[in-house]
Protein chains: 4
Amino acid sequence: MMQENSLTRRGRERLNHRRQILDAAVKLFSEFGYHNVSMHRIAKKAEFAIGTMYKFFSNKEALYRAMIMEFAEKVNAAIIEALEIPGDETEKIRNYVKIKGDVLIRNTTVLRLYVSGTQGAGMDLTAGLNEEIGQMYDQVLIRLAQVFETGIKEKRFKPLLAPYYLAVAIESLTNAFLLLWLKDPQQHPYMDNVETIMEIFFNNVRTA
Amino acid sequence: MMQENSLTRRGRERLNHRRQILDAAVKLFSEFGYHNVSMHRIAKKAEFAIGTMYKFFSNKEALYRAMIMEFAEKVNAAIIEALEIPGDETEKIRNYVKIKGDVLIRNTTVLRLYVSGTQGAGMDLTAGLNEEIGQMYDQVLIRLAQVFETGIKEKRFKPLLAPYYLAVAIESLTNAFLLLWLKDPQQHPYMDNVETIMEIFFNNVRTA
Amino acid sequence: MMQENSLTRRGRERLNHRRQILDAAVKLFSEFGYHNVSMHRIAKKAEFAIGTMYKFFSNKEALYRAMIMEFAEKVNAAIIEALEIPGDETEKIRNYVKIKGDVLIRNTTVLRLYVSGTQGAGMDLTAGLNEEIGQMYDQVLIRLAQVFETGIKEKRFKPLLAPYYLAVAIESLTNAFLLLWLKDPQQHPYMDNVETIMEIFFNNVRTA
Amino acid sequence: MMQENSLTRRGRERLNHRRQILDAAVKLFSEFGYHNVSMHRIAKKAEFAIGTMYKFFSNKEALYRAMIMEFAEKVNAAIIEALEIPGDETEKIRNYVKIKGDVLIRNTTVLRLYVSGTQGAGMDLTAGLNEEIGQMYDQVLIRLAQVFETGIKEKRFKPLLAPYYLAVAIESLTNAFLLLWLKDPQQHPYMDNVETIMEIFFNNVRTA
DNA sequence: TATGAATGAGGTTTCATTCAT
DNA sequence: CATGAATGAAACCTCATTCAT
């Protein structure tokens with residue numbers, strides 16, 4: 001009687017509506033920033049009444065969190081998947097760099113959001129939300145660190161620096177080059193630059 | 001006795017008051033962010049009436065700009081000075097890393113402000129101000145790039161990557177480790193980590 | 001039963017509320033003047049929250065303009081209608097004087113507003129709004145001048161003075177006597193005085 | 001020891017300063033209106049410190065009143081003088097019309113102020129000040145009415161209308177044509193138009 | 001006496017949120 | 001459920017006025 005996914009029509013519609021609101025929110029928040037976008041504006045872009053917004057998200061911050069979380073989960077999932085592709089650690093890192101670029105370049109809208117989340121000094125939000133977002137982003141760092149850790153254990157990388165710091169380093173480098181690409185995609189190609197940087201970096205980290 | 005600066009007492013007092021306002025602004029803005037701090041709050045912290053604020057800065061954005069600019073100029077000046085200390089390019093970069101750390105660690109308050117400025121994801125401000133601040137921060141990058149350029153010309157560095165990108169790379173690395181230090185100064189010492197990173201990085205950039 | 005105006009209940013309510021705001025605004029503005037009335041005061045009198053005011057009028061000036069325009073249109077319409085009642089030019093002018101008096105005496109509230117609009121040196125408003133209001137009021141003058149012009153063409157009036165100036169003259173006279181009436185309705189009846197003045201005036205303008 | 005006018009140098013200087021403030025005030029108030037001119041702006045134009053303003057006038061309204069009064073007294077004095085020039089009543093009225101035009105056309109700055117004062121729609125000021133200014137302007141009307149009264153007594157004018165109303169009538173007519181002249185001095189000459197109007201008017205008021 | 005820095009009440013406007021329909 | 005009119009706290013900013021120097 002019901003569809004494949006165990007949801008009523010109502011249920012599916014609700015999900016759709018949620019999606020539309022989140023999509024509108026992403027576009028506006030990432031272009032103008034949290035405080036420069038009003039709930040009314042998002043409602044208008046999503047083509048819902050203002051009251052409806054509050055049926056889905058209890059307040060502005062909740063909407064922001066949901067949006068960030070959803071996005072970060074998507075990016076994180078892609079990245080973690082990349083790190084799971086079989087291969088040695090060097091290849092894993094290469095995959096990470098590539099996939100992260102792929103995902104974020106395809107989602108220009110949120111790139112800025114992602115970077116200011118990871119690096120940024122998100123002074124825009126309440127401490128609580130900031131914390132929560134920070135932890136979200138930290139998951140990637142931790143996963144990345146594990147790769148370095150394994151690499152070191154396997155003696156494929158030199159134990160020059162704590163794995164976590166190596167993770168921080170390449171996170172920050174990829175972010176920097178993504179931001180550069182965003183500023184002027186023609187002039188600052190991401191992959192070329194970041195690959196060279198990685199080469200420079202890893203030549204010295206790798207054993208042999 | 002003192003150096004009298006050719007300023008009347010009135011003039012000196014005015015400067016002092018301006019300073020007090022800027023100091024209050026720095027503390028609040030860098031802790032809470034532009035939109036989470038009201039002019040009244042700054043006024044209160046600076047112990048002035050709200051009207052006085054507007055005698056010194058024509059509006060909130062002007063105050064923010066003045067504060068950012070003043071701070072960035074201080075940091076930039078220190079950094080550029082560091083790059084002018086005689087020595088070969090490797091030493092110059094080492095000086096840069098050290099001095100930048102010194103200055104920013106001594107000015108914890110604004111560290112976050114500096115990083116989010118360079119990071120340039122400032123979705124918080126009007127486009128015009130963002131632009132202006134971006135240019136301010138870019139000066140360091142350009143100066144840094146010149147050092148790499150010279151290094152390459154003098155065959156002390158390999159021409160692996162455009163000098164500007166090398167500058168971007170070490171800017172982003174130092175920022176990342178400064179932010180880490182800020183999060184937990186005990187656990188994440190800046191100099192140790194950044195020096196190791198630099199070693200890793202430059203081993204491969206330097207010729208011979 | 002009633003004429004339903006093709007408006008939803010919501011729509012009709014909105015119109016009502018708009019009316020209530022305009023009514024409050026008219027009373028306050030015409031008693032105290034633009035700058036001596038705050039939006040909060042109008043909101044209070046209209047029994048709405050301050051935010052509601054801005055849902056109906058985008059800012060204070062817009063509210064003022066809407067109020068002036070609506071009123072001027074009402075007065076102008078009545079006057080122009082008066083000038084269209086069949087009859088010779090003398091009768092038309094008599095009608096004008098009478099109807100203008102009727103309308104404005106019934107709308108004491110705005111009388112002052114009308115006079116300061118037509119004659120006044122509205123130094124109170126932005127140049128743009130002043131201009132717009134001026135043009136609004138000028139329409140009556142022009143229409144009035146046309147009556148004089150026809151009267152002259154038909155040789156019922158002597159061509160003593162440009163029609164526009166005759167219009168200005170009787171506008172200013174009627175305004176003056178209306179203001180007098182407003183100051184002390186008992187002591188300075190409008191119609192009696194203005195009729196005599198008109199008699200004096202037209203005895204000499206009329207041919208025959 | 002002291003000068004001709006029994007004033008110390010200090011005293012004379014004070015008077016000069018007062019004059020400069022009043023001059024600045026007239027220019028600004030009559031161009032922009034009471035509420036669109038700040039005390040600081042007047043102070044700047046008069047080249048005094050803000051504190052000095054308050055040494056001369058206890059507050060903004062007092063300055064406004066002083067300025068209006070002084071100006072009105074000047075105009076009133078000229079007008080009343082005109083009415084005292086020997087001659088019959090018709091000549092007196094002619095003198096009035098001419099002198100009023102002369103004075104006000106030479107003082108374009110305050111023309112608007114004068115008219116909106118007489119017009120009495122000054123919704124801009126506190127009731128008290130408005131009253132006071134109204135009385136000031138009423139003096140001319142009363143003096144003018146006396147001329148008509150005498151004219152009637154002497155049987156030179158017909159007793160068609162209370163003298164005060166005749167006074168109101170020509171006040172309003174002259175004001176209207178002065179305002180017209182102000183709007184476009186080239187296109188709307190004052191004397192020509194007003195003389196014709198007066199002719200039309202008085203032909204019927206004068207006996208024989 | 002003249003100065004002008006400082007004051008703070010109060011103005012206009014925005015926007016997250018509620019709730020009757 | 002969805003709607004959107006209404007709310008009102010709170011933001012930015014102005015300006016008449018005071019007072020120490």
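All figures in this text were calculated on a predicted structure; none of them were measured in a lab.
The aromatic rings of A/Phe71 and A/Tyr114 stand perpendicular to each other, their planes meeting at an angle above 60°, with 30° marking the opposite boundary. Using a 30° and 60° split on the angle between ring planes, D/Tyr64 and D/Phe29 fall in the perpendicular class, above 60°.
Taking every side-chain heavy atom of D/Met39 into account, F/dA16 is the closest of F/dT7, F/dC12, F/dA16.
Exactly one residue among A/Lys27, A/Met67, A/His17 makes a side chain to side chain contact (heavy atoms under 4.5 Å, CB included) with A/Leu22. That residue is A/Met67. Evaluated for a side chain to side chain contact (heavy atoms under 4.5 Å, CB included) with D/Leu28, the options D/Val37, D/Asp23, D/Asn36 yield exactly one hit, D/Val37.
Atom NE2 in B/His40 sits roughly 10 Å away from atom C1' in F/dA10 (whole-Å rounding). Put simply, CD on D/Glu61 is 12 Å from P on F/dA16, counting in whole angstrom units. Summarising the geometry, the separation between CG on B/Asn59 and C1' on F/dA11 is reported as 14 Å, rounded to the nearest angstrom. Nucleotide F/dA11 holds its P atom 17 Å from the OH atom of C/Tyr54, rounded to whole Å. The interatomic distance linking D/Leu63 (CG) with F/dC15 (C1') rounds to 15 Å, in whole Å. Rounded to a whole Å, the CG atom of A/Asn36 is 16 Å from the P atom of F/dA11. Spacing between atom CD of C/Glu13 and atom P of F/dT3 amounts to 19 Å, rounded to whole angstrom units. Atoms CD1 (D/Ile42) and P (F/dC15) sit 12 Å apart, rounded to a whole Å.
Applying the side chain to side chain donor-acceptor pair (under 3.5 Å) test to A/Arg41 and every residue at least two apart in sequence or in another chain returns nothing.
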Applying the Watson-Crick and G-U criteria (both distances under 3.5 angstrom) with [ ] for crossing and | for other-strand pairs, one obtains for DNA chain F .||||||||||||||||||||

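Around atom CD of C/Glu131, no more than 12 heavy atoms belonging to other residues, nucleotides or ligands sit under 6.0 Å away. No more than 12 heavy atoms of other residues, nucleotides or ligands sit less than 6.0 Å from atom CD of A/Glu47.
OP1 or OP2 of F/dA16 has at least one side-chain nitrogen or oxygen of D/Lys60 nearer than 4.0 Å.
Mapping heavy-atom proximity under 4.0 Å, the span of DNA chain E touched by chain C runs 5' to 3' from E/dG11 to E/dT21.
Rounding to the nearest 0.5 Å gives a distance of 4.0 Å between CD of C/Glu70 and CZ of C/Arg19.
When the nearest nucleotides of DNA chain F are assigned to A/Phe56 and D/His35 by heavy-atom distance, the more 5′-ward of the two goes with A/Phe56. Place B/Glu47 and C/Tyr34 on DNA chain E by their nearest nucleotides, and B/Glu47 ends up nearer the 5' end.
Residue contacts for B/Thr52: at a heavy-atom cut-off of 4.0 Å it reaches a base atom on one of the strands shown.
Without hydrogens or angle criteria, D/Ser30 side chain to D/Leu113 main chain gives no donor-acceptor distance under 3.5 Å.
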